[in-house]
Amino acid sequence: MSRISLWLDEYKLEDISIFVWNVCLYVNMDILKTELVWVEGHCYRKLPIKDEEVVEQNVKYQKTKARIREEPIEMEYEDIDLPIKHEGDRFYITMEVPEPLVGFVQGKQGARRKQIEERTSTQIKIPPSKNKDIDCAIVIVGRNKESVASAYHSIDNICKDARWKVGQHTHFISIPMNDPSILEGFHKFKSEVLANCGAQGINESVFQPPAKLHVTIAMLTLLNNREKETALGILQKSKNEILHILGGKSLLVEIKGVEYMNDDPSEVDVLYGKIKETDKDNCLQIIADILADAFANSDFSRREKISTEEKPHVKLHVTLMKSKTSDNGVRDFFDARKIMKDFANFKFGQMTVNEIHISVRFTGGTNSYYSSTFVLKLSK
């Protein structure tokens, strides 16, 4: 029986720490005093290798101090599109980062910033926080363009990921659907449902405020004034393409029939009105997809692909009823089975779409639409 087997029998795995210690002694490896190697910002132990096993091995990474190396380092690329400036023997770039994302670049006690500095041999200068509505000017300094570009892209990737961790969406692209003809149909629908479709969870509170009826094209996260101005520019830039799609005609749509979001009509979270164009040219869907793609490409919004072969489409709908969250944080679903039966083909009305808004979430009152940072008029 081997010595390891004897140890197993002796300790019966009741004291794992003693067993591991004896194994380490048996194989003659002092794993507690091994050399530390830094790879891509992570620390690893380098275990000893017998001389006869080494043919020709170069250590690719090593731990560096948070300073600029005197010698150039090898990088995978040089980003010629970045506005990297040169002064004396230094290269540098100023990177505008929204204030809410600076903490993600710093990391706990500056750990993440130091990791990037060590890996890219750069210095990253982050000024003190001043105003959440103004970008923080982070300066990256290095001995060559490649190291500066590498640090820049590391920070850029951190910011893209962190954007979706700072909180909920702040704005959304919307089409107001509060035309008088639509509101008349909505009020009729509401009164008939309350009178004739009494069921679990159905009450006045689950109906949307009439003045806020809308179609959502894309949800946005805009963290400061610069990003709001950039979003405005994206929407305004799309105007000519939208007008070209419309070809001089009005965008006439109607809301007819209802549908629910989940699979069980007896436990519904959202019930919505189905929207479509009256002339079947599909212009509204095309315009919505174009805008959703434009904002997704700007990193202000995200779109999930249905599959690699199928292009995703914006789900065009007007929310009519939405369940509420109780005090204990649980959704109070409502039973929509009778609504689905009685209002499957209900006509809410028609209207011409004249505007597309960048709307601010959680604004406006019960009798007013959401506040807007910009309104695109669909006219020449």
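Looking at heavy atoms from C-beta onward, Leu232 lies out of side-chain contact with Thr373 at the 4.5 angstrom threshold. Counting heavy atoms from C-beta on, the side chains of Ile158 and Arg112 come closer than 4.5 Å. Between Phe189 and Met321, the closest side-chain pair of non-hydrogen atoms falls below 4.5 Å. The side-chain heavy atoms of Ile155 and Met95, taken from C-beta on, include a pair separated by under 4.5 Å. Between Lys188 and Phe348, every side-chain heavy-atom pair lies at or beyond the 4.5 Å cut-off. Between Ile217 and Phe172, every side-chain heavy-atom pair lies at or beyond the 4.5 Å cut-off. Between Gln236 and Phe374 the shortest side-chain heavy-atom distance falls below 4.5 Å. Put simply, the side chain of Pro127 reaches to within 4.5 Å of the side chain of Cys136, judged on heavy atoms.
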May I have the list of side-chain donor-acceptor pairs in residues 204-212 shorter than 3.5 Å, sequence neighbours left out?
unit_1	atom_1	unit_2	atom_2	d
Glu204	OE2	Lys190	NZ	2.5
Ser205	OG	Asn203	OD1	2.4
Lys212	NZ	Thr363	O	2.9
Lys212	NZ	Gly364	O	3.2

Identify all side-chain donor-acceptor contacts of residues 247-258 below 3.5 Å with residues at least two apart in sequence or on another chain.
unit_1	atom_1	unit_2	atom_2	d
Lys249	NZ	Asp279	OD2	2.6
Lys249	NZ	Asp281	OD2	2.4

>> What verdict does the ring-ring contact (aromatic ring centres under 6.0 Å, His included) test give for Phe300 and His171, after you've listed the backbone C-alpha separation in whole Å, the side-chain angles of each residue and the deciding distance to 0.1 Å?
In response: CA-CA 10 Å; Phe300 296 152; His171 298 69; 9.9 Å; no
> Given the rule in the side-chain hydrogen bond (donor to acceptor under 3.5 Å, both in side chains) test, do Lys125 and Tyr92 qualify, once you have shown the distances and angles that lead to the verdict?
Replying inline: CA-CA 11 Å; Lys125 302 176 182 179; Tyr92 68 95; over 6 Å; no
>> Let's go through Glu99 and Lys132 carefully: what are the C-alpha distance in whole Å and the side-chain angles of both, what is the deciding distance for salt bridge (charged side-chain N to carboxylate O under 4.0 Å, His left out) to 0.1 Å, and is it a yes or a no?
In response: CA-CA 5 Å; Glu99 192 64 42; Lys132 67 177 183 179; over 6 Å; no
>> Run Leu291 and Leu235 through side-chain contact (heavy atoms from CB on, under 4.5 Å) and show every step you take.
In response: CA-CA 7 Å; Leu291 291 176; Leu235 185 57; 3.7 Å; yes
>> Show, in sequence, the C-alpha distance, side-chain angles and deciding distance for Thr94 and Ile138, and conclude whether the side-chain contact (heavy atoms from CB on, under 4.5 Å) test is met.
In response: CA-CA 6 Å; Thr94 301; Ile138 295 178; over 6 Å; no
> Given the rule in the side-chain hydrogen bond (donor to acceptor under 3.5 Å, both in side chains) test, do Asp264 and Ser266 qualify, once you have shown the distances and angles that lead to the verdict?
Replying inline: CA-CA 5 Å; Asp264 187 355; Ser266 66; 2.7 Å; yes
>> Quick one, Met261 with His317, criterion side-chain contact (heavy atoms from CB on, under 4.5 Å). Give me CA distance, side-chain angles, the key distance, then yes/no.
In response: CA-CA 10 Å; Met261 288 289 187; His317 67 282; 3.5 Å; yes
>> Using side-chain contact (heavy atoms from CB on, under 4.5 Å), reason through Met340 and Tyr260 one step at a time and then give a plain yes or no.
In response: CA-CA 9 Å; Met340 293 302 302; Tyr260 55 95; 3.6 Å; yes
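Checked by atom type and distance alone, the side chain of Ser154 pairs as donor or acceptor with a backbone atom of Ser150 at under 3.5 Å. With Gln285 contributing its side chain and Val314 its backbone, the two residues share a donor-acceptor pair below 3.5 Å. Remark: the backbone N or O of Phe91 is not paired with any side-chain donor or acceptor of Arg143 at under 3.5 angstrom. A donor-acceptor pair under 3.5 Å is absent between the side-chain atoms of Arg226 and the main chain of Ile134, judged by distance alone. Between the side chain of Asp135 and the backbone N or O of Ala137 there is no donor-acceptor pair closer than 3.5 Å. A donor-acceptor pair is defined here as one N or O able to donate and one able to accept, closer than 3.5 Å; such a pair exists between the side chain of His86 and the backbone of Gly88. For Glu277 (side chain) and Asn282 (main-chain N/O), a donor-acceptor pair under 3.5 Å exists by modelled atom type. Proximity of a side-chain donor or acceptor of Asp299 to a complementary backbone N or O of Ser301 within less than 3.5 Å is not detected. For the pair His244 (side chain) and Ile242 (backbone), a donor-acceptor distance under 3.5 Å is absent. A donor-acceptor pair under 3.5 Å is absent between the side-chain atoms of Asp156 and the main chain of Tyr152, judged by distance alone.
Side-chain atoms of Ser359 and Ser174 include a donor-acceptor pair closer than 3.5 Å. Defined by atom type and a distance below 3.5 Å, a donor-acceptor pair is missing between the side-chain atoms of Asn196 and Asp342.
Atom CD of Glu96 has more than 12 heavy atoms from other residues, nucleotides or ligands within 6.0 Å. Within 6.0 Å of the CD atom in Glu192, the count of heavy atoms belonging to other residues, nucleotides or ligands exceeds 12. The environment of CG in Asn157 is crowded: more than 12 heavy-atom neighbours from other residues, nucleotides or ligands sit within 6.0 Å.
Hydrophobic clustering (side-chain heavy atoms under 4.5 Å, transitive across Ile, Leu, Val, Met, Phe, Trp, Tyr) groups Ile286 together with Ile175. Hydrophobic clustering keeps Tyr370 apart from Val353 (ILVMFWY residues linked when any side-chain heavy atoms are closer than 4.5 Å, directly or through intermediates). Residues Ile173 and Val360 do not share a hydrophobic cluster, clusters being chains of Ile/Leu/Val/Met/Phe/Trp/Tyr side chains in contact below 4.5 Å. Linking Ile, Leu, Val, Met, Phe, Trp and Tyr residues whenever their side-chain heavy atoms come within less than 4.5 Å leaves Tyr272 and Ile275 in two separate clusters. Cluster membership check: Val375 does not share its hydrophobic cluster with Ile287, using side-chain heavy-atom separations under 4.5 Å among Ile, Leu, Val, Met, Phe, Trp and Tyr.
Note: Phe346 CZ to Leu320 CG = 9.5 Å, rounded to the nearest 0.5 Å. A distance of 11.0 Å separates CD of Glu267 from CG of Asp332, quoted to the nearest 0.5 Å. Distance check: Lys228 NZ to Leu222 CG gives 7.5 Å after rounding to the nearest 0.5 Å. Atoms CG and CG, from Leu183 and Asp179 in turn, are 7.0 Å apart once rounded to the nearest 0.5 Å. With values rounded to the nearest 0.5 angstrom, Asp133 atom CG is found 4.5 Å from Asn225 atom CG. Atom CZ of Phe186 sits about 12.5 Å away from atom CE of Met177, to the nearest 0.5 Å.
With respect to Asp269 and Lys322, no salt bridge is recorded, no charged nitrogen being found less than 4.0 Å from a carboxylate O. Ionic pairing of Glu117 and Arg113 is present here: one or more N-O contacts between side-chain nitrogen and carboxylate oxygen are shorter than 4.0 angstrom. Ion pairing of Arg163 with Glu227 is present here, as a side-chain N (NZ or NE/NH1/NH2) and a carboxylate O approach within less than 4.0 Å.
A pairwise comparison of heavy atoms in Leu213 and Thr319 identifies CD2-O, 3.5 Å as the closest pair. Summarising the geometry of Gly142 relative to Val148, their closest heavy-atom pair is N-CG2, 3.5 Å, with the distance given to 0.1 Å. Scanning both residues, Met351 and Pro176, for their nearest heavy atoms gives CE-O, 3.5 Å. Between Cys159 and Val97, the shortest heavy-atom distance links the atoms SG-CG1, 3.7 Å.
The only member of Glu355, Lys239, His357 that meets side chain to side chain contact (heavy atoms under 4.5 Å, CB included) when paired with Leu376 is Lys239.
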